[in-house]
Amino acid sequence: MIWNPTMECMTRDEMRKLQGIRLKRTVEHVYHNCEPYRRRMQEAGISPGDINGIDDIVKLPFTSKKDLRDFYPFELLSVPMSEIVRLQASSGTTGKPIVVGYTRKDLAIWGEVGARCFTAYGLGKQDVVQVAYGYGLFTGGLGAHCAVETIGGTVLPMSSGNTEKQIMLMHDFGSVGLACTPSYALFLADAMHDSGIPREEFKLRVGAFGAEPWTEAMRGELQNKLGIKAYDLYGLTEIIGPGVGHECALQNGTHLCEDHFLPEILDPVTSQPLEPGQTGELVFSTITKEGMPLLRFRTRDLTSLHYETCECGRTSVRMSRILGRCDDMLIIRGVNVFPSQVEAVVCEIPELEPHYFIVVDRINNLDTLEVQVEVKEAYYSDEISRMMNLRKHITHRLQSVLGISPDIKLVEPRSIERSQGKAKRVNDKRKFS
Ligand code: DLL
């Protein structure tokens, strides 16, 4: 099922035209109503009259996360506060959060794009969907909530945590959809197993997973353990929250709602546009929002875009899996390492649980990489030679994928801390040394 075939299946030419019109309108709106944007554009020597189609986007200034901090809390709003009906914020690791204001129309857009996602996952009016993303300032809970309401499904607004109750209600209320982070889904999968309730007694069929990077290998784990189809749900606070993009039944790339959020891929270092298919930094311009539109927002997420029509019938651009954020990339002894590469290897080794933790340090001026992995109950053994062989095998696999040799620490099942929201999988001690 396709929620909005007119918007999701138009020709590429029609889409470009529509995006051009909407971009121009947004540029006019921010130029006249948002002082920092007007100043930036004047400094760059451009006015709204210079923007006449999407190819002109390169003339526009970028917006960065730092801008959102510098103009905290409300300077980037393009409407009076009286028009703002909702505030959301992303926690950030330090200091002040990033704040986003929505008008009533913006909330309707959020519902619309969310509805496209949950419809693409095969959910509808008859389904109970358990939302186990956190509710509150974080956009996950309320974003998924509004999406399910828009398609007419039944929302079960659990928020994150309270795992036993999650399992009980999932069973008793017959949840068909589960929306949460992939790491929490893994936690729930183990808890379901421990509950002793046979899997056939659950109606769960669909997972709407996002808010953190996850790999194909992790999808395999989740689909197996939960007996569901696990779909990607992408979004970020600054742009709207969950609903910027979603997978379809083919699970072959994340369709972006590009009639609302115009994507570009740039070389993260030179800021020059890259060709379709090339991996670089994802940049979005919101082209329909009123409250806090952003032009050329640098997401720091690394991915590539693919414009071929999908077999599902949607013509919207597809994004490949987020490799990670530029900021998450670890440089260890000069080699670039993404946690997602470690995840892919850990999930492929049958003796291991799909949980891992990375510790990076600098000892005697040399970077060290320790990867902690959990051995499955059935394989955990006191027999030293067996464990040594396993360790050697993991070291070898990781070394061939990462290009550097890690120190593998085998730990007991369930000893790595579980997450109820976004997983924290790296401790880079060098940052504090
Ligand atoms: O995480 C919004 C969201 C909630 C998306 C629920 C999906 C589901 P932020 O807290 O602002 O917003 O974090 C946004 O999380 O720039 C990516 O780095 C990462 N991210 C979000 N979705 C995915 C995904 C929400 N599907 C940041 N795959 C983004 C990989 C993701 N990374």
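Side chains included, hydrogens not; waters and symmetry mates left out as well; all remaining heavy atoms used. We count residues from 1, following the sequence as given. Remember, it's 1-based here, ligands and their atoms both numbered in the order they're listed. This one's a predicted model, so the numbers in the text were calculated from it and none came from an experiment.
- Between A211 and ligand 1, at least one N/O pair is under 3.5 Å apart.
- The aromatic rings of Y231 and Y121 sit parallel to each other, their planes meeting at less than 30°, with 60° as the upper class boundary.
- Nearest protein heavy-atom contact of atom 25 (C) of ligand 1 is G235 O, 3.6 Å.
- Taking a cut-off of under 4.0 Å to the non-hydrogen atoms of G210, the atoms of ligand 1 that pass are 7 (C), 8 (C), 26 (N).
- Relative orientation of the Y102 and W110 rings is parallel, given thresholds of 30° and 60° on the angle between their planes.
- Of the candidates D232, I240, T237, it is T237 that places a heavy atom closest to atom 11 (O) of ligand 1.
- Among all non-hydrogen protein atoms, the one lying nearest atom 10 (O) of ligand 1 is K422 NZ, 3.0 Å.
- At least one N or O atom of L233, backbone or side chain, sits closer than 3.5 Å to an N or O atom of ligand 1.
- No N or O atom of W214 sits closer than 3.5 Å to an N or O atom of ligand 1.
- Distance from atom 16 (O) of ligand 1 to its nearest protein heavy atom, with residue and atom name: D301 OD2, 2.7 Å.
- Remark: the S304 side chain and the Q278 side chain contain no N/O donor-acceptor pair separated by less than 3.5 Å.
- Nearest to atom 27 (C) of ligand 1 among the protein's heavy atoms is R325 NH1, 3.7 Å.
- Between D106 and K289 no salt bridge is recorded (no basic side-chain N to carboxylate O distance below 4.0 Å).
- Considering R414, K409, R418 in turn, R418 is the only one that fulfils the salt bridge (charged side-chain N to carboxylate O under 4.0 Å, His left out) rule with E374.
- Side-chain N or O atoms of S64 include one that pairs as donor or acceptor with a backbone N or O of K66 at under 3.5 Å.
- Residue contacts with ligand 1 include P213, since one of its heavy atoms falls under 4.0 Å from the ligand.
- The closest heavy-atom contact to atom 28 (N) of ligand 1, among the options E247, E212, M319, comes from E212.
- To the nearest 0.5 Å, atoms CG (L156) and OG (S175) are separated by 5.0 Å.
- F62 carries R298 over the face of its six-membered ring, with the cationic atom under 6.0 Å from the centre and within 45° of the normal.
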